[in-house]
Amino acid sequence: MSEPAELGVTLEEHGQAFTEVSFLLEMLVRTAGVVVGKSTPTLGTNAGRHMGKKLPVLLRNPDLPSAVGAVGEALKAGFELTASVEGTAAAVTVGRCVLRDVCRERGVALDGEICKMFHYYLAGMTAQLLGKPVRPAAAKAGDTCSLRLES
């Protein structure tokens, strides 16, 4: 039996793949912005809602803390999300973030379109699990990013 190809990837090949995926992600977000214009937030939210439908999660009595927690768990391979909930809003802190690495690789602003699209994606996933609309607000970018999700 042969070894799966992904097990034989060198560190150099991994770096090359990261560079290529970073380029493709930047182009995807830029193209989406050109094609759909002001509807980009809707695109991000809908993508998140579709992903939320596919998550192997069932929240019997969904509330904001459990929905945000489930999203954080689903994305833990590339992101470290922590949240504190205050009424109908969640203050989300993004520690480790693969998209931050992508932005740095591409020389793109940390609070630019890639980040904004991701925030709407998070809102869409959370909304799907919660069963009601959620929107991102008040984002700050840096070595640790933060945003609010309001329902």
Side-chain angles (χ1 to χ4, degrees), residues 6 9 11 13-59 62-151:
E6 63 270 10
V9 175
L11 187 56
E13 291 169 327
H14 185 273
Q16 291 169 345
F18 178 77
T19 299
E20 185 170 342
V21 169
S22 296
F23 168 77
L24 294 172
L25 181 61
E26 180 187 6
M27 291 304 105
L28 173 67
V29 170
R30 282 188 184 189
T31 301
V34 169
V35 172
V36 299
K38 292 181 181 179
S39 296
T40 302
T42 302
L43 178 68
T45 302
N46 284 336
R49 283 186 167 278
H50 285 290
M51 183 62 197
K53 289 177 187 175
K54 296 175 193 283
L55 290 178
V57 174
L58 173 62
L59 301 176
D63 58 6
L64 192 55
S66 63
V68 172
V71 169
E73 183 65 24
L75 298 177
K76 72 181 180 183
F79 303 90
E80 178 187 24
L81 304 176
T82 55
S84 61
V85 176
E86 306 148 3
T88 61
V92 179
T93 301
V94 184
R96 183 174 41 83
C97 176
V98 70
L99 294 179
R100 186 180 304 121
D101 298 337
V102 166
C103 290
R104 287 185 175 142
E105 167 76 21
R106 301 296 307 156
V108 175
L110 288 180
D111 58 351
E113 293 307 310
I114 292 174
C115 295
K116 289 175 186 168
M117 181 74 82
F118 179 63
H119 298 163
Y120 280 100
Y121 181 76
L122 284 177
M125 288 178 73
T126 305
Q128 184 62 40
L129 295 176
L130 189 57
K132 64 182 184 179
V134 173
R135 62 182 168 82
K140 291 195 315 190
D143 288 334
T144 300
C145 299
S146 62
L147 68 138
R148 285 180 61 83
L149 294 177
E150 299 175 347
S151 66

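What's counted below: heavy atoms across the whole structure, side chains too, no hydrogens, waters or symmetry copies.
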In the structure I gave you, are the side-chain heavy atoms of V35 and L43 within less than 4.5 Å of one another anywhere? no
If you take all heavy atoms of G78 and R96, which pair is closest and at what distance? C-NH1, 3.3 Å
Any side-chain heavy-atom pair from Q128 and M125 closer than 4.5 angstrom? no
How would you list, by chain and number, every residue that makes a ring-ring contact (aromatic ring centres under 6.0 Å, His included) with Y121, sequence neighbours excluded? none
N46 CG to Y120 OH distance, which is reported to the nearest 0.5 Å: 12.5 Å
With ring-ring contact (aromatic ring centres under 6.0 Å, His included) as the rule and sequence neighbours excluded, what pairs involving residues 14-59 come up? none
Could you tell me whether a side-chain N or O of T40 sits under 3.5 Å from a main-chain N or O of G37, the two making a donor and an acceptor? yes
All salt bridge (Lys or Arg N to Asp or Glu O under 4.0 Å) counterparts of E86, not counting sequence neighbours: R148
So, does S66 use its side chain to make a donor-acceptor pair with the main chain of P62 at under 3.5 Å? no
Exercise: identify the closest heavy-atom pair between A123 and V134: CB-O, 3.5 Å
Short side-chain to backbone donor-acceptor contact, R100 and A141, under 3.5 Å: no
Can you tell me how far apart NZ (K140) and CG (D111) are? Round to the nearest 0.5 Å. 12.5 Å
Can you check whether S146's main-chain N or O pairs, donor with acceptor, with T93's side chain at less than 3.5 Å? no
Mind checking the CG-CG spacing from L129 to D63? Nearest 0.5 Å is all I need. 11.5 Å
Quick one: does C97's side chain get under 4.5 Å of C145's, heavy atoms only? no
Do R104 and L110 touch side chain to side chain, with heavy atoms closer than 4.5 Å? yes
Working note: L122 + L75, criterion side-chain contact (heavy atoms from CB on, under 4.5 Å); need CA distance, chi angles, decisive distance, verdict. CA-CA 10 Å; L122 284 177; L75 298 177; 3.5 Å; yes
For the residue pair I114 and R106, establish whether any side-chain heavy-atom pair is separated by less than 4.5 Å. no
Compare all side-chain heavy atoms of L64 with those of L130 and state whether any distance is below 4.5 angstrom. yes
A quick test of your reading: do over 12 heavy atoms of other residues, nucleotides or ligands sit less than 6.0 Å from CG of L11? no
Counting C-beta onward and ignoring hydrogens, is there a side-chain heavy-atom pair between L99 and L25 closer than 4.5 Å? yes
Measure across A127 and R49 and return the closest heavy-atom pair with its distance rounded to 0.1 Å. CB-NH2, 3.5 Å
On a heavy-atom basis, which atom in P136 and which in L147 lie closest, and how many Å separate them? CB-CD1, 4.1 Å
Looking only at non-hydrogen atoms, find the nearest pair between G44 and M117 and report the distance. CA-SD, 3.5 Å
Minimum heavy-atom distance C103-A109, with the two atoms named: SG-O, 4.1 Å
Flag side-chain contact, heavy atom, 4.5 Å: V102 against F118: no
